[in-house]
Asker: 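Got a structure for you, written out below as structure tokens; questions coming shortly.
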Amino acid sequence: MNDQRLDQLEDWLEVFFDDASFALSKASDDASFRRYFRIERSNLSFIAMDAPPAKENSKLFINIANLLRSNNIHAPKIIDADLAQGFLLIEDLGNTTFLQALNGKTNLDLYRLAIDELIKIQRIDVKTHLLNQYDQTLLKKELTLLIDWYLPKNIQQKTIADLNQLFDQLIQNSLNSPQVFVHRDYHSRNLMITHDKITIIDFQDAVVGSNTYDLVSLLKDAYFELSPTEIQTLLTYFYEQDNVQVSFAEFEKQFDLMGLQRHLKILGIFKRLSIRDGKHQYLNDIPLVKKHALQMADKYPEFSLLKAIL
């Protein structure tokens with residue numbers, strides 16, 4: 001099948017390199033409309049990003065990459081860009097994701113490294129940068145994905161009303177916690193291990209939001225399961241290293257409820273990726289996400305109705 005955008009990307013690279021002496025191979029897909037290709041030339045390696053401008057905001061990607069790098073956080077260097085076509089040439093960070101480095105086994109030292117980097121990210125002065133707010137409208141829009149895509153179409157109106165009441169509790173929890181730079185997908189597939197350091201990718205959807213959001217993305221991942229004891233150990237590590245100003249019990253509940261918000265949203269997103277976009281592989285990750293959500297329904301009586309709904 002003809003891939004017109006790939007042809008256009010190759011033409012753009014030929015102009016950049018001033019010849020066609022490079023090898024192009026698929027590097028990875030994305031849950032969005034972006035695609036990544038590895039470019040090899042004269043013993044050097046680069047990553048080319050194909051981000052259709054009608055679907056993706058590459059200018060925002062560049063701005064946030066520069067913001068992270070200016071705050072001593074390792075994000076890919078932007079080598080060249082064509083915003084009109086939606087092509088970027090960026091630094092190649094290698095092949096080893098955080099998930100691959102775990103290799104199926106828990107490594108608390110690696111998680112501590114990721115938490116240390118997250119604390120650095122949360123130190124960024126968000127007041128001087130034009131990031132969107134993770135506000136009530138966006139939070140509600142995300143939670144509604146559960147109703148629109150995951151739950152049956154014949155769901156009762158009373159159930160929807162009950163869910164909306166539950167959603168309001170989760171939204172207030174998010175808004176009432178400290179507001180910081182939020183990567184919004186800080187998990188094992190979006191962190192790279194480069195020379196024993198954490199490198200941040202897939203950050204273009206960053207917003208200003210709850211200080212627990214990225215932490216719960218990491219510790220209650222959709223792709224790798226930590227035990228309750230391991231989560232508690234790492235949650236305590238963050239609490240102590242970040243010098244959180246509320247009691248640990250209050251912080252833990254903020255963390256749990258933020259996780260519930262994220263997991264209800266993800267259930268809708270993973271189902272939408274299958275139904276709308278034909279990316280059925282994400283269905284395999286639904287059981288762990290649902291498990292995370294049901295654990296909170298068991299832990300907090302006010303969310304027990306989720307057990308019947310899910």
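These numbers come from the heavy atoms of this one structure, side chains and all, not from hydrogens, waters or symmetry mates.
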Asker: Is Leu264 close to Val289 at the side-chain level, that is, under 4.5 Å between some pair of heavy atoms?
Answerer: no
Asker: Using side-chain heavy atoms (C-beta onward) and a distance below 4.5 Å, is Arg123 in contact with Asp242?
Answerer: yes
Asker: Would you mind reporting whether Thr159 and Leu305 have side-chain heavy atoms less than 4.5 Å apart?
Answerer: no
Asker: In a check of ring-ring contact (aromatic ring centres under 6.0 Å, His included) between Tyr111 and each of Phe238, Tyr186, Phe98, Tyr237, which one passes?
Answerer: Phe98
Asker: Please say whether more than 12 non-hydrogen atoms of neighbouring residues, nucleotides or ligands are located less than 6.0 Å from CD in Gln156.
Answerer: no
Asker: Is Arg184 close enough and on-axis enough to Tyr134, meaning under 6.0 Å and within 45°, for cation-pi?
Answerer: yes
Asker: If you define the side chain from C-beta out and look only at heavy atoms, does anything of Leu151 sit under 4.5 Å from Leu146?
Answerer: yes
Asker: Can you hop from Leu24 to Leu93 via hydrophobic side chains spaced under 4.5 Å?
Answerer: no
Asker: Heavy atoms, side chains only, cut-off 4.5 Å: are Leu139 and Asp135 in contact?
Answerer: no
Asker: Would a 4.5 Å heavy-atom cut-off, applied to side chains only, mark Leu113 and Asp109 as touching?
Answerer: no
Asker: A side-chain contact here means heavy atoms from C-beta on lying under 4.5 Å apart; do Phe224 and Leu218 qualify?
Answerer: no
Asker: Taking atom types as modelled, is there a side-chain donor on Thr199 or Thr194 under 3.5 Å from an acceptor on the other?
Answerer: yes
Asker: May I ask you to decide if the ring planes of Tyr239 and Phe248 are parallel, tilted or perpendicular, using 30° and 60° as cut-offs?
Answerer: perpendicular
Asker: Same cluster or not: Leu118 versus Ile73, using hydrophobic residues (I, L, V, M, F, W, Y) connected whenever any side-chain heavy atoms lie under 4.5 Å apart?
Answerer: yes
Asker: Please check if the side chain of His183 supplies one atom and the backbone of Ile201 the other of a donor-acceptor pair under 3.5 Å.
Answerer: yes
Asker: Within the structure provided, determine whether Phe181 and Asn71 are in side-chain contact (heavy-atom separation under 4.5 Å).
Answerer: no
Asker: For the aromatic rings, using the six-membered ring if either is Trp, is the centroid distance between Phe203 and Phe61 under 6.0 Å?
Answerer: yes
